[in-house]
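These numbers were taken from a predicted model, which means no experiment stands behind them. The sequence lines fix the lettering, A, B, ..., with proteins before strands; numbering per chain opens at 1.
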Amino acid sequence: MQKTYDPKDIEQRTYQRWESHGWFKPSGQGAPYSIVIPPPNVTGTLHMGHAFQHTLMDVLTRQHRMQGENTLWQPGTDHAGIATQMVVERQLNAEGVHRRDIGREAFVKRVWDWKAQSGDTISRQERRIGNSVDWTRDRFTMDEGLSEAVTDVFVRLYEDGLIYRGKRLVNWDPVLHTALSDLEVMSQEEQGSLWHFRYPIEGGSEHLVVATTRPETMLGDTAVAVHPEDERYKHLVGKQIRLPLTGRLIPVIADDYVDPAFGSGCVKITPGHDFNDYQIGVRHSLPLINIFDANAALNDEVPEKYRGLDRFAARKQVVADLEALGLVEKIEPHKLQVPRGDRSNAVLEPWLTDQWYVRIAPLAEPAIKCVQDGRIRFVPENWSKTYYQWMENIQDWCISRQLWWGHQIPAWYDDQGNHYVAHSEEQAKQQARAKLGRDVTLKRDEDVLDTWFSSALWPFSTLGWPQQTPELKSLYPTSVLVTGFDIIFFWVARMIMMGLKFAGDVPFREVYITGLIRDENGDKMSKSKGNIIDPLDLIDGIDLESLVAKRTTGLMQPKDKDKIEKNTRKQFPTGMPSYGADALRFTFCALATMGRDIRFDLGRIEGYRNFCNKLWNAARYVMMNLESAPPATATGPVEYSVADRWIRSRLGATIEEVRARLAEYRFDLASQALYEFAWYEYCDWYLELSKPTLQSEQSSDAQKRGTRETLAVVLEAYLRLLHPLMPFITEEIWQSVAPMAGIKGETIMLQSYPTAAEFSRDAAAEAAITPIKAVILGARQIRGQLDIPQAREIAVAFQSPEATDEASIQASLDVVRGVGKIGELKILPSDAPLPPSATANIDRRTISSPLAGLITDPQAELARLRKRKAGVEQNLKKEEAKFANPNFVANAKPEVVALGHERIAEFRRQIAQLDEQENMVSRL
RNA sequence: GCGCGCGUAGCUCAGCGGUAGAGCACUACCUUGACAUGGUAGGGGUCACAGGUUCGAUCCCUGUCGCGCGCACCA
């Protein structure tokens with residue numbers, strides 16, 4: 001083994017070996033365990049959020065595979081309708097071409113070309129982080145099979161009356177020229193104005209004042225509403241208003257919707273361009289005037305002067321013209337919520353169009369119930385509240401999009417405007433024939449479905465539905481869904497509804513909601529902010545110039561370039577070093593707390609890269625000590641030391657802890673337990689304790705065999721325990737270590753996941769190691785206090801109230817003296833007087849070394865003693881305070897009271913001893 | 001308005017009824033035969049604030065302050 005751990009050398013060849021052997025495929029044996037990957041955009045690249053979630057899914061997948069389950073991690077990608085179409089449109093624009101110039105067919109071909117060119121980038125990246133997905137089952141939402149599932153679902157929902165076509169207001173994106181669902185609307189507060197206009201009452205000199213944030217819509221007003229109980233306006237209800245600029249007559253109506261306390265208490269009503277006004281329009285049978293075209297420019301419904309004006313130009317013009325007429329009462333600054341498209345960022349318009357909708361309430365009801373009754377469990381549980389809140393107020397889902405990239409809606413129209421929903425044009429024609437009694441030419445609906453419509457089918461469409469495949473039968477419902485809270489509504493809820501409706505059961509039994517990865521300042525990572533970290537750059541490293549180039553090319557706002565470059569150069573003056581995939585994965589696990597924001601901190605990944613190196617070197621030590629005498633082939637009696645028994649017991653405890661934490665999705669606590677065992681127990685203690693045994697002439701062959709075997713067996717099992725989190729380094733080391741532990745196998749990834757039963761707890765060994773550690777720690781403390789060189793042995797006395805400590809130390813005397821660099825080691829009764837000594841207290845034990853002969857500074861020693869005493873006195877005071885309260889003894893658990901007594905006695909003893917030392921040292 | 005989350009060491013975060021923890025950063029010493037991507041020792045916290053429950057509260061309850069998120073919104 002090389003002296004330094006080098007992930008570059010290991011990772012890619014290891015992954016290729018796993019994949020080429022087909023080890024990621026379900027075994028076909030054992031209890032089913034399956035996860036579907038949240039399909040990333042097929043033309044996208046892997047970002048930190050993917051890498052994070054994929055790591056967690058891979059941990060689960062690898063663990064369950066090792067547990068002998070029939071494990072599938074289903075990979076795939078999504079066609080990401082709007083996003084992908086936008087990318088290709090931008091490419092075309094760069095060539096000076098609009099998609100309409102080349103037509104739908106050619107455009108869709110261009111998108112497929114783009115997909116072919118960039119489509120495997122993300123899967124290559126997934127391989128780099130070690131995803132053990134079954135690539136042979138890779139799926140894409142636009143694949144034939146998945147498209148068939150989409151058509152099937154659409155037709156069945158239509159036949160069940162759960163899909164309908166309706167003309168109503170939708171959120172219209174005037175830049176992308178498509179309808180959007182409610183979820184794709186991002187409302188944000190923006191500074192605007194509140195314009196107050198005077199509307200003259202017909203047949204008199206009175207007027208009403210209406211306030212609006214959107215003056216241009218007044219051209220489409222069809223009423224003014226007041227509150228029915230509003231005394232100020234009661235007499236005007238039923239009268240007519242001569243709408244300025246248009247000359248149209250519109251009624252004054254009364255409606256509860258109006259808040260008399262807001263503004264003037266009069267509201268202009270524009271049913272064609274406001275969702276609330278639309279409702280009022282319906283209630284009062286008001287005409288609806290659509291004044292916008294698809295670009296949100298004014299159409300022919302408005303006076304000639306305004307036609308063709310963009311809405312924002314129209315706004316200025318309307319205000320100017322009303323001003324000229326003296327009809328502007330006042331203009332106030334006003335904050336309002338502006339709806340924008342989540343992709344285009346364009347201000348959306350409520351616009352009257354024909355769209356397809358899913359009638360959602362009947363689907364939502366069972367979907368709510370299955371979470372209430374526990375068939376689906378959210379982790380952390382609190383997210384179910386978010387789910388309920390949305391599901392209980394759910395609105396019909398607009399599923400049609402005026403795009404070219406996506407699943408075209410399986411609906412055909414005849415020349416009379418009738419529609420036929422069918423699996424094919426043939427079937428549609430049959431329906432038309434049946435209805436009309438003659439053959440007609442049909443025209444297919446041009447629109448495509450919302451991408452999330454196909455994503456909603458993902459857990460069963462990828463398993464072969466609508467065919468009843470063996471995979472569907474055995475692996476559906478999937479075991480767990482791992483995803484971010486940002487798509488609970490978009491995706492999780494819809495999968496639950498569709499799964500229940502079409503696959504006959506919940507799509508997954510648990511939903512583990514991860515936090516969102518943010519940068520070191522807590523900001524969301526985004527291209528436009530220039531704070532993106534590419535997970536592959538963390539794995540491979542990247543020089544500063546490449547990093548700057550990566551962050552500043554292709555920006556939507558080129559003006560941000562300088563700022564991004566400056567920040568990047570400041571934050572990464574030397575670029576980023578290579579950390580390797582294992583360190584990255586371990587970092588993600590360690591950061592996977594139950595919180596909702598995760599700040600990615602480079603210090604963390606560096607620490608875990610060092611951990612990899614530590615593990616690597618520990619393995620080197622083990623191999624060095626085993627190669628000459630591999631325990632697997634050893635013959636003869638074997639004797640285990642206390643340390644051997646102790647480390648096995650600790651491994652057992654660690655296995656238990658890791659398994660328990662993984663079972664509750666506490667990847668952070670699992671990784672912590674793994675880290676602590678390897679570093680603080682195996683390396684810091686066990687390897688050190690093994691050295692005297694292996695190196696000493698005094699130890700017997702049986703003892704050496706026991707230690708060698710323990711080194712190998714514990715490391716081998718630990719590697720298996722760690723493997724799901726750090727697959728590459730564990731595989732690499734395991735290949736060398738496993739034969740030493742007598743284990744044969746081609747790969748660690750198909751070995752059994754360790755059970756605590758393999759390493760049963762040994763309370764006696766754990767108790768016996770405590771005084772051994774205490775002596776060593778105490779000797780080190782004294783050495784540190786007195787500035788005694790490491791190499792120089794010191795004489796040490798040990799005192800303990802524990803009767804069994806002496807035997808424990810005697811049994812491991814050589815080891816204690818070796819590791820602690822101790823010459824003479826005396827074991828004294830707890831109350832024995834000490835000569836002037838440097839002392840240390842470890843738990844309830846005192847370790848001391850006579851000052852005689854040690855070069856030391858009595859004043860410094862005195863200061864130390866006084867400080868220690870002050871600390872102990874404070875602890876004593878705290879403890880005694882508890883007993884000052886008589887209720888403590890009466891009410892507290894007996895073991896707590898007993899512990900308190902012990903602590904008080906111990907503190908008093910230490911204070912007495914410190915006093916005595918202080919006395920003696922002051923006389924030196 | 002409704003719902004949710006967070007305030008613990010300089011920084012990033014665990015812990016959550018009975019002696020305050022980790023990583024990074026910091027200080028001193030140490031290249032000893034696994035590892036300087038290291039070792040050893042050490043400094044550093046009235047666990048946001050105020051009440052309450054309890055023998056005992058960082059932990060449970062209530063409120064306050066500060067920060068954040070989601071949903072719905074008054075023209």
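An OP1 or OP2 oxygen of G56(B) is reached within less than 4.0 angstrom by no side-chain nitrogen or oxygen of Lys893(A). Remark: Gln781(A) is in phosphate contact with G42(B), judged by side-chain N or O atoms under 4.0 Å from OP1 or OP2. Taking only side-chain nitrogens and oxygens, Trp390(A) never comes nearer than 4.0 Å to OP1 or OP2 of C2(B). Between Lys385(A) and G3(B) there is no side-chain polar atom (N or O) within less than 4.0 angstrom of OP1 or OP2. At least one side-chain nitrogen or oxygen of Lys878(A) sits closer than 4.0 Å to the OP1 or OP2 atom of A20(B). For the pair His196(A) and A75(B), the criterion of a side-chain N or O lying under 4.0 Å from OP1 or OP2 is not met.
Under a 3.5 Å cut-off, the side chain of Thr707(A) and the backbone N or O of Lys704(A) do not form any donor-acceptor pair.
Note: Phe586(A) and Tyr608(A) have perpendicular aromatic rings, judged against thresholds of 30 and 60 degrees for the angle between ring planes.
The listed nucleotides are C55(B), U37(B), A75(B); the one nearest the side chain of Asn885(A) is C55(B). Side chain of Tyr680(A), nearest nucleotide from G39(B), A34(B), G23(B): G23(B).
Put simply, CZ on Phe600(A) is 18 Å from P on G23(B), counting in whole angstrom units. Atom-to-atom, CD of Glu880(A) to C1' of G56(B) comes out at 17 Å; the value is rounded to the nearest Å. What separates CZ of Phe677(A) from P of A22(B) is a distance of 19 Å, to the nearest Å. Distance CD (Glu879(A)) to P (G18(B)): 14 Å, rounded to an integer number of Å. Straight-line distance from the CG atom of Leu516(A) to the P atom of G5(B): 17 Å, rounded to whole Å.
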Residue pair Glu11(A), Lys8(A): steps toward the salt bridge (charged side-chain N to carboxylate O under 4.0 Å, His left out) verdict: CA-CA 6 Å; Glu11(A) 293 176 355; Lys8(A) 277 198 175 68; over 6 Å; no
What does the B/S/- profile of nucleotides 8-17 of chain B look like, 5' to 3', with a 4.0 Å heavy-atom cutoff to protein? ----SSSS--
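Spacing of P atoms, C47(B) relative to G21(B), comes out at 14 Å, to the nearest Å. Spacing between G10(B) and C69(B) at atom P, rounded to whole Å, works out to 26 Å. Nucleotides G45(B) and U8(B) place their C1' atoms 8 Å apart, quoted to the nearest Å.
Taking a pair as Watson-Crick or G-U wobble with both distances under 3.5 Å, RNA chain B forms stems of 3 or more consecutive pairs at B:1-7 with B:65-71, B:10-13 with B:21-24, B:26-30 with B:38-42, B:48-52 with B:60-64.
A side-chain hydrogen bond (donor to acceptor under 3.5 Å, both in side chains) check over residues 683-694 of chain A, counting only residues at least two apart or in different chains, returns the pairs Tyr621(A)-Ser690(A), Asp644(A)-Tyr686(A), Glu688(A)-Lys691(A). Listed by first and then second residue, the salt bridge (charged side-chain N to carboxylate O under 4.0 Å, His left out) pairs involving residues 210-224 of chain A are Arg214(A)-Glu216(A), Arg214(A)-Glu349(A), Glu216(A)-Arg315(A), Asp221(A)-Lys268(A) (not counting sequence neighbours). A salt bridge (charged side-chain N to carboxylate O under 4.0 Å, His left out) check over residues 586-605 of chain A, counting only residues at least two apart or in different chains, returns the pairs Arg518(A)-Asp597(A).
Among residues two or more places apart in sequence or in another chain, the salt bridge (charged side-chain N to carboxylate O under 4.0 Å, His left out) test is passed with Glu520(A) by none. A search for side-chain contact (heavy atoms from CB on, under 4.5 Å) contacts involving Leu183(A) returns Ser181(A), Trp390(A), Phe489(A), Phe490(A), Arg494(A), not counting sequence neighbours. For Tyr718(A), the ring-ring contact (aromatic ring centres under 6.0 Å, His included) partners two or more places apart in sequence, or in a different chain, are Phe677(A). Here Lys385(A) pairs with Asn382(A) under the side-chain contact (heavy atoms from CB on, under 4.5 Å) rule; sequence neighbours left out.
Within the nucleic acid shown, Glu902(A) has no heavy atom closer than 4.0 Å to any nucleic acid atom. At the heavy-atom level, Asp259(A) lies under 4.0 Å from base atoms of the strands shown.
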Protein-nucleotides 44-46 of chain B N/O pairs closer than 3.5 Å?
none

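In the interface, the side chain of Gln389(A) is not paired with the base of C71(B) through any donor and acceptor atom under 3.5 Å apart.
Side-chain atoms of Asp523(A) and Asn531(A) form no donor-acceptor pair, as typed in the model, at a separation below 3.5 Å. In the model, His227(A) has no side-chain atom that pairs as donor or acceptor with a side-chain atom of Asp255(A) under 3.5 Å.
Of the residues in residues 612-626 of chain A, those lying under 4.0 Å from RNA chain B by heavy-atom distance are Asn613(A), Lys614(A), Asn617(A), Ala618(A), Arg620(A), Tyr621(A), Met624(A).
Among all heavy-atom pairs drawn from Cys266(A) and Val209(A), the shortest one is CB-O, 3.3 Å.
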Pairs of donor and acceptor atoms involving the side chains of residues 878-890 of chain A, under 3.5 Å and at least two apart or interchain, shall be tabulated with distances.
| residue | atom | partner | partner atom | Å |
| --- | --- | --- | --- | --- |
| Glu879(A) | OE1 | Arg903(A) | NH1 | 2.4 |
| Glu880(A) | OE2 | Arg908(A) | NH2 | 2.5 |
| Asn885(A) | OD1 | Asn887(A) | N | 2.9 |

